[in-house]
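Excluded from the calculations below are hydrogen atoms, water molecules and symmetry mates; all remaining heavy atoms, backbone and side chain alike, are included.
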Amino acid sequence: MAYSEKNFRESKQLSPSHIESEILQIWNQHQTFEQSIAIREGKNNFVFYEGPPSANGMPGIHHVMARTIKDLVCRYKSLKGFQVERKGGWDTHGLPIELQVEKKLGITKKDIGSKISIAEYNKECREEVMKFKNVWDDLTQKMGYWVDLNNPYVTFENYYIESIWSLLKKLYQKDYLYKGLRIQPFSPAAGTGLSSHELNMPGCYKNVKDVSAVAQFKVKESEHPQFSLLSEKTNGEDFYILAWTTTPWTLPSNTALAIGNKINYLLVKTINPYTHIPVNIILAKDLLGKYLKAENENKDFSLYQNDGKNLPYQILSEFRGSDITGLLYEQLLPYAQPEEGDAFRVIAGDFVTTEDGTGIVHIAPSFGADDMRVAQENGIGSLTLVDRQGKFIDIVTDFAGEPVKEAYLSDEEKEQAKQKQGRDKYLSVDERIVIKLKTENKCFKSEKYEHSYPHCWRTDKPILYYPLDSWFIRVTAAKERMVELNKTINWKPKSTGEGRFGQWLENLVDWNLSRSRYWGTPLPIWRTEDGEEEICIGSIAELKSELSKAQAAGVMGDIDLSEKNLDLHKPFVDDVILVSSKGKAMRRESDLIDVWFDSGAMPYAQWHYPFENEEIFKKSFPADFIAEGVDQTRGWFYTLHAIAVMLYDSVAYKNVMSNGLVLDKNGNKMSKRLGNAVDPFITINKYGADATRWYMISNSQPWDNLKFDIEGLEEVQRKLFSTLHNTYAFFAIYANLDQFKLSQDQIPIHQRPEIDRWIISCLHSLIQEVESAFDDYEPTKAARAIQEFVNDQLSNWYVRLSRRRFWKTEDPQDKIAAYQTLHTALTTISQLMSPIAPFYSDWLYRSLIQAQDNNSASVHLTDFPIAKTERIDKDLEAKMNIAQQLSSLILSLRKRENIKVRQPLAKVLIPIIDSQQEEMVAAVQNLILSEVNIKTIEFVRDTTGIVSKKVKPNFKLLGKKLGAKMKEASNAILEMNAEDINHLETQKTFDLQLSDINYTLLLEEVEIQTEDIAGWLVASDKGWTVALDITLTEELKNEGYARELVNKIQTQRKENDYQVSDRIEIKILNHNIAEKALKAFTDYICNETLADNLLFVSHIDELKTYELNDLEIIMEIKKK
RNA sequence: AGUCUCGUAGCUCAGUUGGUUAGAGUACUACACUGAUAAUGUAGGGGUCCCCGGUUCAAAUCCGGGCGGGACUACCA
């Protein structure tokens, strides 16, 4: 439908997909997005950072959620006069891309370097990562997300990597970068560390049976006060601490034992089941029953059968874990001692429980992350008696060269080992260690134990936790500043910032940057082989100059440095050999860095800062606003913060919103596997981006999880968009018919009728509300307020009650006032809703201002409406509220008595308490009367007792004053009779007799309600009461017929498809009663139905019967 | 296991500094209305405010302890 000159565009049916594609075209044609930035040139800027998505997967509906939030905030700020640049970006590195490439090529990591060169592999990654870029771009367009996709930052580009290098170098210079050890999942079979992601791949955890052992650690004599105490209990005999393990191969590397401070332990005298030697053991009280049967307590030791069963025992002492921390013990398997740190001491571990084992945990710091942490905290050293192949080193003489896990041996090797052991069955290291312990009286129990253990997803062999070299960022050094600066960030919701993020910061560990992969940003550190000299490269220029030094020194040959072949990825960087100051060759540390560093570096790297764009960077750091899913708390939100704090002593963002997940309608996580994932394209095509966006924003707070239900979307469409569209369509039809001109002078507000001033007052209240909601980053509140206004106030009250003013009014000024008021309201709504529903709002706006196709006007180029407090009349709003309430009450009475609204009634009685109440109702009485079709309102101020009243205490007021007497007072008030109430109303006070005091009750401390009026039809609610006179006089009855007839004629006109302005004539077949009844209303009927005449005739061509209440007539209407 | 979050009608959600008949929309049922009609009005049914304790004259609301859903992080001697 084309725009016709100076007309409001008419559109009966709301078709979101047409509107949206039309608006998209206009935006593209007129570059509306670019304009929205250009027109704010020189204004304050509002800085937004785009968290880069990865284009190697299809976008899902949750992306629509996150991007709606980003978009609406930016659009809002833009309306508020800020210049809001939105540079897009792509996250392009990382493991998922590598895995995808491997899947595509049918290779594994093992094949890299053999079947495929690193260069070819990375080339594949580079292509794969942008596989779905077009799909993403399409979604971006269709959902109405305004972001600059023409100049996005791309994390694999040299300029981006160069910026990252410069950041790393700054960290290096500040001594924030170091090489250290970290216990990581490690696959000896594959010879590589694994990420937690790889451990979480399905099938990695398998149930396996291992040999477990409870080892006896002999307590060593020491100055520890508990030693002598316990020693006394055993009469000077040795005593042992029991600790359980499912990995006996770690026992030679044991350096500590961990207890729980609050756990209760026992010292027990019993017998070792293998050696049958009496022993004194320490274990957790709760776990005693696992090892010793209660019935054998205090049994005679001499009755023991030397069979390992029915071990007699005797409890010698009980104490808390905290009592024995610091006790020393003898090393269990003394192959080697740690070079650094203390060892063989009892320490406290917060992770120790009494669920399993003995309540005492054997600590081998090299083979457990918890172990390492607790050991470091206690200054305990470590032993790593296993090499990277998973084999014992030579120093472990008994098992030298043997793999700690049976699974690492091939069948052949196992056979050989069996021969060597000289047994008919191969015994694992674990098993032989246990045997050794048993014979040495160092094992109290051993059994097969089934547990789930992680396996390498590539080799299917068990993994080990192993200390690996890694590069770390010393974030712990900046922890306090990070915590401090975090407090200045406005988090939405607050709890994520204080709670999840705050907690995370409080428990920081150094950031492990290293990743042993191929497709990612290389760590720019070159080291000599002995590790004594190293250099951190911070720019391409520096690399080149170091390179020429190396070439001059002869450690490095020729290399192609031309722009087109320079690629800061592997393998190029690995081919570069630099020279140290002492002339030694330096090779690059082979790691890549964590991709999270890539994204955390975007404030700088997106501008290739510090190499370029210093001005732009300075004015766009830190960000005013960022938003992502709550799952980014420890991801992007953290890395942005960490880098900014460490390098710039600044926050990276001032406001941050973390949105929840989008779940399916049953609250389950969406996944392709379950088939419950919602395709955003289908949803948007069918319901429109606006409805989708509106639904997501209005349904629940962004940070709550959203249960995505299509029915909710349909509801939004029906309740909001259809209603709004109908309202506009109504306006357009009559405005065009009446030739309403936008150029007409505005009628001053104070000259407009009550209802206009009311809706304008509501509108300005709404502006205030929406503005403060958006300012507070509470879009849900804004959406709900707009929705309520459109539905309840504008459509269901203002338009409904004003309808007649638009199509028949004698007063042209009144008509113009109505058009202007509705036009203003609709235009303002289009602006208020535009951040959330960018398409329809723009369509509506353009229609309202009669924009032509070639006109670039857009709601997104306007200024946000200003709430004018002088237009807000709370008093009037309250009055209208009363009108709505009273109308509703009267309608419910009509309903109860089955009197249709078309039947006029004479009178309604409204009891009031004072003249103020009367005034309020009087101000809106005409509206009420016409709405409910009643002739007059009569106010009664009752003192006669006809009106029966009920009094209810105001608990809030009285409770504060009376406290404990409240209950009694409440009862007393409820018992007040009519006389008492009357007294209270007229005298404003009443003496309340309570058991021990008198209380002078004030009028405002109670609520008085009318309950009933003798002989009337009464309804009441919220303090208001109405009484209806339902007597029908002859005249009222006749008017009822007339109204009924008008209704029938209107319906018939519609059925006949007449235009709203067509004139008709009405013929009714002679009918005495009807003629008499309708006589007085002929003019009224003709007027209402645009009839030239109403004739009673003796003949009618087409016989059609109509029911007028209890009459039946035959009537024909014809277009003239 | 830790951290965070949610739990109110069949469903989606409100519920102010604690204040007494716990609300709205939706869905359902019935009856109306109909020159805005995929709308609207009125009425009806529908509640263990997750549970248990505590504080208080008074708890959906505050405190303690649980339970359940979800997310993230770490891990299992």
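In this structure a side-chain-to-backbone donor-acceptor pair under 3.5 Å is missing from A:Tyr466 to A:Gly368. Of the possible polar contacts, one joining the A:Thr358 side chain to the A:Ile360 backbone as a donor-acceptor pair under 3.5 Å is found. A distance-only check finds no donor-acceptor pair linking the side chain of A:Tyr734 to the backbone of A:Arg803 [under 3.5 Å].
In terms of the side-chain hydrogen bond (donor to acceptor under 3.5 Å, both in side chains) criterion, residue partners of A:Asn254 (sequence neighbours excluded) are, by chain and number, A:Tyr329, A:His362.
Considering only side-chain atoms of A:Asn726, the nucleotide from B:rA38, B:rA14, B:rA36 that sits closest is B:rA36. With distances taken from any side-chain atom of A:Arg800 to the nucleotides B:rC13, B:rA77, B:rA36, the minimum falls on B:rA36.
On a pure distance criterion of 3.5 Å, no polar donor-acceptor pair joins the side chain of A:Thr723 and the base of B:rA36.
Pairing for B:rA14 is absent, judged as Watson-Crick or G-U wobble with the two contacts each under 3.5 Å. Partner assigned to B:rA32 is B:rU40, using Watson-Crick or G-U wobble distances below 3.5 angstrom. Across every strand in view, B:rU56 sits unpaired, with no contact that passes the Watson-Crick or G-U test at under 3.5 angstrom.
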Reading nucleotides 15-27 of chain B from 5' to 3' and marking B where a protein heavy atom lies under 4.0 Å of the base, S where only the sugar-phosphate is that close, and - otherwise, the string is --B-BB----SSS

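Contact annotation: the side chain of A:Trp596 never approaches that of A:Tyr638 to less than 4.5 Å [non-hydrogen atoms, C-beta and beyond].
With both ends at atom P, the span from B:rC6 to B:rU16 equals 14 Å, rounded to whole Å.
Of the side-chain N and O atoms in A:Tyr465, one or more sit less than 4.0 angstrom from OP1 or OP2 of B:rC76. The side chain of A:Ser700 places an N or O atom within less than 4.0 Å of a non-bridging phosphate oxygen (OP1 or OP2) of B:rC13.
In this structure, a donor-acceptor pair under 3.5 Å is absent between the side chains of A:Gln717 and A:Trp694.
Looking at heavy-atom distances under 4.0 Å, A:Thr246 makes contact with sugar-phosphate atoms alone, never a base.
With the nearest nucleotide of RNA chain B identified for both A:Tyr695 and A:Trp504, A:Tyr695 has the one nearer the 5' end.
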